[in-house]
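Before any comments, here is the structure.
Labels below follow one simple rule: chain letters A, B, ... track the order of the sequence lines, proteins then strands, and each chain is numbered from 1. What you are looking at is a predicted structure, and each value in this text was computed from that prediction instead of being measured.
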Number of protein chains: 2
Amino acid sequence: MTQPRKTPTMADVARIAGVSPMTVSRAFKRDSSVSEATRDAILQAAEGIGYVFDSTASSLRSQRTDFVAVTIPSINNANFAETLRGLSEGLKARGLQILLGYTDYDIHEEERLVEQLLRRRPEAIVVTGGKHTPRTRRLLDSAGIPVIETWDLPADPIGHVVGFSNAEAVRGMIDHFVAQGAQRIAFIGGDADRDTRGTDRREGFVAAMRAQGLDASRLIDAGAPPISMREGADAMGRLLDWLPDTQAVICVSDLSAFGALTECQRRGVAVPGDIWIAGFGDYEIAEVSVPALTTINPFPREIGARAAALILDVLDGRQAGPATVAIRPELMIRQSSK
Amino acid sequence: MTQPRKTPTMADVARIAGVSPMTVSRAFKRDSSVSEATRDAILQAAEGIGYVFDSTASSLRSQRTDFVAVTIPSINNANFAETLRGLSEGLKARGLQILLGYTDYDIHEEERLVEQLLRRRPEAIVVTGGKHTPRTRRLLDSAGIPVIETWDLPADPIGHVVGFSNAEAVRGMIDHFVAQGAQRIAFIGGDADRDTRGTDRREGFVAAMRAQGLDASRLIDAGAPPISMREGADAMGRLLDWLPDTQAVICVSDLSAFGALTECQRRGVAVPGDIWIAGFGDYEIAEVSVPALTTINPFPREIGARAAALILDVLDGRQAGPATVAIRPELMIRQSSK
DNA sequence: CTCGTTTATGTTATCGATAACACACCCTGT
DNA sequence: ACAGGGTGTGTTATCGATAACATAAACGAG
């Protein structure tokens, strides 16, 4: 925190190295044609006076910020964190830096956030989900940069898409339970329309149950997202109180599923003996818990990696029109459902 | 993705609203003295042509980016995510945006990252931990902005500090176990020196055990950070094989502690009957698991909130010299240790 | 009725890097 | 010997917003 008189600029470095500022500029982006000796002298001069490149000025002149904006519902969620990792790793090689914001599962917060992020003039923007306010959509439409919607397959995409159908994934789970002989199947999830992916999963549950000719009314509201382990446990308690003959339960995420499992353990309800439990997301807990939890793996890391690759393709002109990359979630059958 | 001819600027808005660009500029930052009518006309004109404020240009001229740089070891860790939440919420009110990077628990990666972040000219920088490469330290020293080290109490701080002593926290846990009557106590954690906080905890374990006159050699290496549930389970397996008479085990985090617990469940080792288990971090799993896990709550959210408050104090001139905010972690005694 | 003050707006120069263009020098081939 | 091309570096103008300064209009007090 030593306060030097003033932050040095390229001009200062140029003066010391005995070259023009333009040569300093070229020396700082490796690619250009500056002789080895000159570059070394420049970098040494820079290090000597503690010069740090100023991206702000560079961005204004070159009209390239090397930012990629990303919005996720919650920072504290392993699935989205994995998507972020995939993105970040894919973009790092090209020197693209992620500008992150989280929406708290609220599309109005998303609107504020998207505007704030666009002010930084990112090269591309990645949003989670396919449901947005009209103004968000307008902002994204006219931003003039690649837009990628993830974790969903929107009917009317804004631009590019890397995602999967949440409803269809849940259907696969129901088919699994039915094949195992279950008929009285419940769903634990948020009843509010806030978490759009959670809502899609619930609606997928209802549709698939009806398609099977089964009763789709065993819906337990676990509150507003993010739905915690604790809330999953509470919801399971209510389910066991009200509909004790339930044979299987699908939870909106592995976290609530694990919570539900612990509630069964506390009550002496055997899993998988008395009731089957399934989650969503293939979080680490699903693999490690005893019993291990049946779940759906949506390959969150791959979503991020594919989104990053897509961004690079578009920026390099290898991808012209809007692309849709469909991820195929995988049913992970473990002890909790057999 | 409609590609408009060119992104509109303030000058375009000014022309349409029939005012000077300066007035548009003032209208966009609420505080200034622009008449109600003029502001409305300007904002409407802006919305009409889809103008979005350009922070890049603003930052260059005003020398204020409204960025706060933050580095964390891993994005996929609930504790650091909570710190980030605390930070983000505290800074949002002032329009400060977080510029995030993660170091993967590697101080050389941290060095690259810090330089990259400083290029964006943040108003302040928050780093996790108190161990850095010499160049990182030099960069931070001469950056001319507030520097805050967190999650640690470094002996020789760079600037401000919001943290706690990892070693001391572990000592409290050992005192608890000893008071309960345990003597053969083990530690499960990374043996590599990569995760500096994990190393501090291990060293704290060794020092505190010796202070109690107990054998401090029951150290199980769980690999390189981040240490997962799975790795905690593996480590517990090795501990039970090699030192089956161990009475209590302290894990470097709740995640590995939970993994250790599941390994006991698989082997029919009773927790807390046969062995006591404790973790670190007070993750949600510690409260929900059966049995609930004894742990240490370092108040990660508060670390972020206090860091944010400190940044605002410094930027507003309310805080002159370097401050150290000591957080007092709390021992959370639950079923797994009684 | 004039002057001082407040309110609302305009003008000019500038933040720091770099795109676009220019050019001197050296090398190679015919 | 000279055209032609590559290599390394310099000059000038510019990205878009805003700090600093200037000023016109409105208003109240003496």
For B/Glu302, which residues count as a salt bridge (charged side-chain N to carboxylate O under 4.0 Å, His left out) partner, sequence neighbours excluded?
B/Arg306
Residue list, ring pair (Phe, Tyr, Trp, His ring centres under 6.0 Å) with A/Phe164, at least two apart or on another chain:
A/Trp151
Output all residues satisfying side-chain contact (heavy atoms from CB on, under 4.5 Å) with B/Leu60, sequence neighbours left out; order by chain, then residue number.
A/Thr56, A/Ala57, A/Leu60
Quick one: list whatever passes salt bridge (charged side-chain N to carboxylate O under 4.0 Å, His left out) with A/Glu111, sequence neighbours left out.
A/Arg135
Who pairs with A/Asn77 by side-chain contact (heavy atoms from CB on, under 4.5 Å), at least two apart in sequence or on another chain?
A/Ser74, A/Asn79, A/Phe80, A/Tyr105, A/Tyr283
Closest listed nucleotide, where the reference is the side chain of B/Thr38 and the choices are C/dT9, D/dG10, D/dG8
C/dT9
If you restrict it to nitrogen or oxygen atoms, what contacts under 3.5 Å exist between nucleotides 23-27 of chain C and the protein, and what is each distance?
none

Who pairs with B/Tyr102 by ring pair (Phe, Tyr, Trp, His ring centres under 6.0 Å), at least two apart in sequence or on another chain?
none
Contacts of type salt bridge (charged side-chain N to carboxylate O under 4.0 Å, His left out), residue A/Asp316, not counting sequence neighbours:
A/Arg94, A/Arg318
Strictly under 4.0 angstrom, non-hydrogen atoms only: write out the protein contact profile of nucleotides 14-21 of chain C, one letter per nucleotide from the 5' end, B, S or -.
BBBBBBB-
Taking only residues two or more places apart in sequence, or in another chain, which ones meet A/Asp152 in a salt bridge (charged side-chain N to carboxylate O under 4.0 Å, His left out)?
none
For B/Glu115, does the CD atom have more than 12 heavy-atom neighbours from other residues, nucleotides or ligands under 6.0 Å away?
yes
Report the end-to-end axis angle of the helix from C/dC1-D/dG30 to C/dT30-D/dA1; each axis comes from five terminal pairs, and the value is rounded to 10°.
30°
Contacts of type side-chain contact (heavy atoms from CB on, under 4.5 Å), residue B/Arg15, not counting sequence neighbours
B/Ala11, B/Asp12
